[in-house]
Amino acid sequence: MNPVESLATRSLPPIQVGGLFITRVVDSLEHFSPRIILRGVTYDHLQPHLDWLLPNFLDENHKLLMPIQSFVFRTRHHTVMIDSCIGNDKRSGFPQWNQRRSPFLQILTEAGFPPQSIDYVFCTHMHVDHAGWNTRLDNGRWVPTFPNARYLFRQEEYEFWQGKKEEISQYTMEESILPVIEAGQVQWVDSDYAIDDEVYLEPTPGHTPGHCSVHLHSNGREAVITGDVMVHPVEVAEPRWGQVSDTDPALAAQTRTGFIETYCDTDVLILGSHFADPTGVHIVSTPRGCRIRF
Ligand SMILES: [Zn+2]
């Protein structure tokens, strides 16, 4: 692992959605070659899009710039974390995410959100980079990181991963999901569950079976936290490319296409879970196809 990247943990200035101020806490900033993330996609495929992807969303070598980040905010009633990044001391399929020592909790606290202040944690899906900080190691035992939080889990998502036999899938279950269930902090929710009148889930299956995006509504303004419906802005223009980690590629492409159609040329702010700064974008139609504006 590049030691500079381990220092990428930081919080970014809040994004305003009506009365909500969404803080991004970045656990890691990754530079991925496209084929690691997007099925069959090479640097050549990115060429027609360099003019709008550089410099925010590609690095100078045209690798995909992808933060692993949590969105944290206070509604009128609750303090909410959407996705919990990679975590420390975990195992995963990515060498650079194994046995990490990231100052994520310190940065989160400095941003105004100490772990005990979080009321709800929702993981858009149960991949390692979205569920890792659900737990932390305490004297060799995995315990919930957020002692006062209710963790909202989707039964469908849990059962899918529970049924997987691969070692890599089981790491996240063993380290980041089961300990929360055993601690009695899980609330099982439907795919349209509303945390309160400002935050509700929106089903976006395909990347994983129980995958949900998160809709925010405050003072007449709306935003959607994507989860991994899309992991990089280039997918707004190329929704059929597909992601290597989609569990149902056909459904994922259908969901992604529908998501883009739904939000294109609207006032709804798209908060891309892996979109680099500025993260919040609008999807707009252009003569060349859909693009983003920020
Ligand atoms: Zn992800």
Side-chain angles (χ1 to χ4, degrees), residues 5 8-9 12 22 24-39 41 57 63-72 81-88 90-98 100 102 104 121-135 151-154 157-158 160-161 164 166 168-169 171-173 175-177 201-214 224-236 239 241-249 251-253 255-256 259 270-277 279-281:
E5 290 184 23
T9 307
L12 294 173
I22 319 297
R24 294 159 284 167
V25 183
V26 179
D27 201 7
S28 176
L29 179 61
E30 303 288 331
H31 301 241
F32 285 122
S33 78
R35 72 168 74 228
I36 299 279
I37 300 297
L38 300 169
R39 210 170 339 106
V41 173
F57 306 108
K63 289 192 169 185
L64 309 181
L65 270 178
M66 288 174 53
I68 314 297
Q69 60 195 341
S70 293
F71 296 98
V72 196
M81 170 180 280
I82 306 299
D83 285 335
S84 63
C85 299
I86 305 162
N88 279 354
K90 305 271 167 158
R91 295 169 295 169
S92 77
F94 289 90
Q96 75 270 30
W97 294 350
N98 292 339
R100 291 180 88 238
S102 144
F104 180 86
V121 176
F122 177 67
C123 305
T124 55
H125 59 297
M126 291 180 175
H127 275 154
V128 58
D129 57 320
H130 296 259
W133 275 110
N134 280 1
T135 58
Y151 288 70
L152 308 178
F153 282 5
R154 301 261 303 106
E157 182 77 2
Y158 168 72
F160 176 80
W161 292 111
K164 288 274 171 192
E166 303 92 8
I168 287 169
S169 311
Y171 292 156
T172 299
M173 292 303 285
E175 296 175 347
S176 305
I177 302 297
L201 309 186
E202 183 172 296
T204 42
H207 181 64
T208 64
H211 188 282
C212 284
S213 304
V214 180
V224 181
I225 296 171
T226 57
D228 285 3
V229 170
M230 292 179 277
V231 296
H232 193 274
V234 74
E235 292 175 278
V236 169
W241 277 359
Q243 298 162 29
V244 172
S245 58
D246 287 341
T247 61
D248 183 338
L251 181 59
T255 297
R256 187 158 42 247
F259 185 95
I270 305 302
L271 298 171
S273 293
H274 292 300
F275 287 13
D277 199 35
T279 307
V281 303

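Any value given below was found using the heavy atoms of this structure, including those in side chains, with hydrogens, waters and symmetry copies removed. One-based numbering along the sequence shown. All ligand and atom numbering here is 1-based and tracks the order in the structure.
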Among the N/O/S atoms of Asp228, which is closest to the Zn ion (ligand 1)? Give the atom name. OD2

Any N, O or S atom of His130 closer than 2.8 Å to the Zn ion (ligand 1): yes

Do the side-chain N and O atoms of Asn134 and Ser176 include a donor-acceptor pair separated by under 3.5 angstrom? no

The Zn ion (ligand 1) and Asp129: any N/O/S contact shorter than 2.8 Å? yes

Is it true that a side-chain atom of Arg24 and a backbone atom of Leu12 form a donor plus acceptor pair closer than 3.5 Å? no

Under the criterion side chain to side chain donor-acceptor pair (under 3.5 Å), which of His130, Glu157, His125 is the partner of Thr208? Glu157

Residue pair Glu30 / Ser28, side-chain donor-acceptor N/O under 3.5 Å: yes

How about His127: does one of its N, O or S atoms come closer than 2.8 Å to the Zn ion (ligand 1)? no

